[in-house]
Amino acid sequence: MSWKPTGPTRNSDTKNAAQYGFFDLLKKPVEIYVFVDPLCPECWSLEPSLKKLSIEYGRFFTIRPILSGQLTVLNKDKFDKPKKLKEIWERTASRTGMSCDGDLWLENPINLPWLASIAIKAAELQGKKAGRNFLRKVQEKLFLNKRDVSEEVTLIECAKEVNLDVQEFMQDLYSNSAKKALQCDLKLTQEMEVEYIPTMVFFNESEEEGGLKVSGLYPYEIYVKVLKQMLQMDPPPAKKPELEEFISYYGFVGNKEISVVYDWSKEKTEKEMKKLQLKQMVEKVPVKYGTFYRHVKG
């Protein structure tokens with residue numbers, strides 16, 4: 001049994017699901033531009049909400065990550081203040097529940113912050129999904145493992161772990177194509193007047209009016225409200241997958257992500273994950289704030 005978060009709804013006995021059934025096969029009505037920076041801890045903290053939105057309402061939208069360059073290009077002076085960056089990361093982690101190890105800035109600071117963004121665009125040249133998977137892997141290495149994601153060795157590791165064609169990736173990393181793709185993202189950031197990250201802009205394909213912009217981190221319900229406003233309808237959320245399916249699909253998830261997706265307390269999440277550990281379906285990966293779990297392939 002395979003499950004995908006953006007797959008068609010199974011709740012076909014509702015009027016809304018029936019009405020939108022053909023969109024699953026043709027074109028989804030809403031496109032969400034997600035403006036992020038790979039080095040931004042608040043963008044990393046958006047991950048639980050994005051997962052839940054994809055699971056419950058992914059049949060109505062596609063996500064398009066846009067690299068804003070807010071940190072890597074516009075605020076170069078910040079990288080000269082490692083203690084300040086450490087404080088920001090630690091504060092964000094304790095507030096949001098998504099671990100960020102600020103010791104990176106004292107122990108292994110990022111040398112070429114812009115290179116991580118170019119690498120993501122290089123990965124994207126192998127497909128949108130490849131680009132999204134690579135972005136996630138870069139964030140994991142950075143925030144959880146304190147790795148310098150501007151080093152070639154780390155980028156190659158990320159490429160291998162998300163099954164990219166590594167030779168093609170390395171060629172694209174130093175090509176004009178990746179640089180131009182990043183410039184397009186930076187231009188789009190300026191044109192849409194995105195001044196804060198993360199920012200999500202919701203567009204309805206059938207509406208000629210501008211999109212709805214949501215800047216900053218908000219409770220999950222706000223994103224659902226905006227999506228429904230764009231759809232001009234109130235569809236029910238899709239049924240959530242079994243926990244085992246969820247873990248198997250994503251491969252590596254945080255306790256915060258599980259809690260948000262399933263509306264569980266931290267204690268309930270730990271209890272459910274303990275069951276999967278006993279079944280040897282997952283292994284626990286301790287991080288500075290909270291826990292992540294890796295799916296163990298049978």
Hydrophobic cluster identity match, L182 and V34, side-chain contacts under 4.5 Å: yes

Show every salt bridge (Lys or Arg N to Asp or Glu O under 4.0 Å) that has at least one partner inside residues 109-120, sequence neighbours left out. none

In terms of side-chain geometry, is the basic nitrogen of E221 or K225 positioned less than 4.0 Å from the acidic oxygen of its partner? no

How many angstroms lie between OG in S259 and NZ in K52, if you round to the nearest 0.5 Å? 10.5 Å

Indicate yes or no: does K271 engage E267 in a salt bridge with an N to O separation below 4.0 Å. no

dist E168:CD -> S175:OG (nearest 0.5 Å) comes out at 10.0 Å

L164 and L125: same hydrophobic cluster, using ILVMFWY side-chain contacts below 4.5 Å? no

Which atom pair, heavy atoms only, marks the closest approach of R59 to P237? NH1-C, 4.1 Å

Under a 4.5 Å cut-off applied to non-hydrogen side-chain atoms, are K288 and D103 in contact? yes

Please find the pair of heavy atoms, one from K256 and one from G97, that lie closest to each other, and give the distance. CB-O, 3.5 Å

Transitively linked via ILVMFWY side-chain contacts under 4.5 Å: L85 with L106? no

Suppose we screen for side chain to side chain donor-acceptor pair (under 3.5 Å). Which residues come up paired with E42, at least two apart in sequence or across chains? R95, Y196

Please determine whether side chain to side chain contact (heavy atoms under 4.5 Å, CB included) holds for the pair D101 and W89, giving the CA-CA distance in whole Å, both sets of side-chain angles, and the decisive distance to 0.1 Å. CA-CA 7 Å; D101 195 336; W89 276 34; 5.6 Å; no

Is it true that, when you exclude E193 itself, more than 12 heavy atoms of the residues, nucleotides or ligands shown sit nearer than 6.0 Å to its CD? no

CG of L142 to SG of C100: how many Å apart, nearest 0.5 Å? 8.5 Å

Are side-chain heavy atoms of Y293 and Q277 found at a separation under 4.5 Å? yes

Could you tell me whether the side chain of K51 reaches within less than 4.5 Å of the side chain of E47, counting heavy atoms only? yes

Note, C43 side chain near F35 side chain (heavy atom, < 4.5 Å): no

Would a 4.5 Å heavy-atom cut-off, applied to side chains only, mark M200 and I63 as touching? no

Heavy atoms only: give me the nearest D172-A178 pair and the separation to one decimal. O-CB, 3.3 Å

Electrostatic pair E272-K268, nearest N-O below 4.0 angstrom: yes

Under a single-linkage definition using a 4.5 Å side-chain heavy-atom cutoff for Ile, Leu, Val, Met, Phe, Trp and Tyr, are L231 and F202 assigned to the same hydrophobic cluster? yes

Do K84 and I88 come close enough that some side-chain heavy atom pair is under 4.5 Å? yes

Check the angle between the aromatic planes of F252 and F292 and answer parallel, tilted or perpendicular using the 30° and 60° thresholds. parallel

Restricting to non-hydrogen atoms, name the atom on I55 and the atom on P241 that form the minimum distance, rounded to 0.1 Å. CG2-CD, 3.8 Å

Taking 4.0 angstrom as the limit, do E257 and R136 come out as a salt bridge? yes

Rounded to the nearest 0.5 Å, the CG atom of L50 sits from the CD1 atom of I32 at a distance of 8.0 Å

Just wondering, do I110 and L104 contact through their side chains at under 4.5 Å, heavy atoms? yes

Evaluate whether atom CD of E107 has more than 12 neighbouring non-hydrogen atoms of other residues, nucleotides or ligands under 6.0 angstrom away. yes

Are L276 and V260 connected in the hydrophobic side-chain network, where two residues link if heavy atoms are under 4.5 Å apart? no

How far apart are the C-alpha atoms of Y249 and H295, what are their side-chain angles, what is the distance that settles it, and do they pass the side chain to side chain contact (heavy atoms under 4.5 Å, CB included) test? CA-CA 9 Å; Y249 181 85; H295 177 244; over 6 Å; no

E270 side, atom CD; N255 side, atom CG - distance, nearest 0.5 Å: 6.5 Å

Minimum heavy-atom separation for P38 to L135, with atom names? CB-CD1, 4.1 Å

Between L173 and L115, is the side chain to side chain contact (heavy atoms under 4.5 Å, CB included) condition met? List the steps. CA-CA 9 Å; L173 182 61; L115 191 57; 4.3 Å; yes

Value rounded to 0.5 Å, distance of CZ in R132 from CD in E124: 9.0 Å

I would like to know whether M98 and T92 meet side chain to side chain contact (heavy atoms under 4.5 Å, CB included); could you show each step before the answer? CA-CA 8 Å; M98 283 294 277; T92 303; over 6 Å; no

Taking the side chain as every heavy atom from C-beta outward, state whether P198 and W44 have any atom pair closer than 4.5 Å. no

How close do P235 and Y57 get, counting heavy atoms only, and between which atoms? O-CE2, 3.5 Å

How are the rings of F134 and F169 set relative to one another: parallel (under 30°), tilted (30 to 60°) or perpendicular (over 60°)? tilted

Quick one: side chain to side chain donor-acceptor pair (under 3.5 Å) partners of T154, sequence neighbours excluded? R147

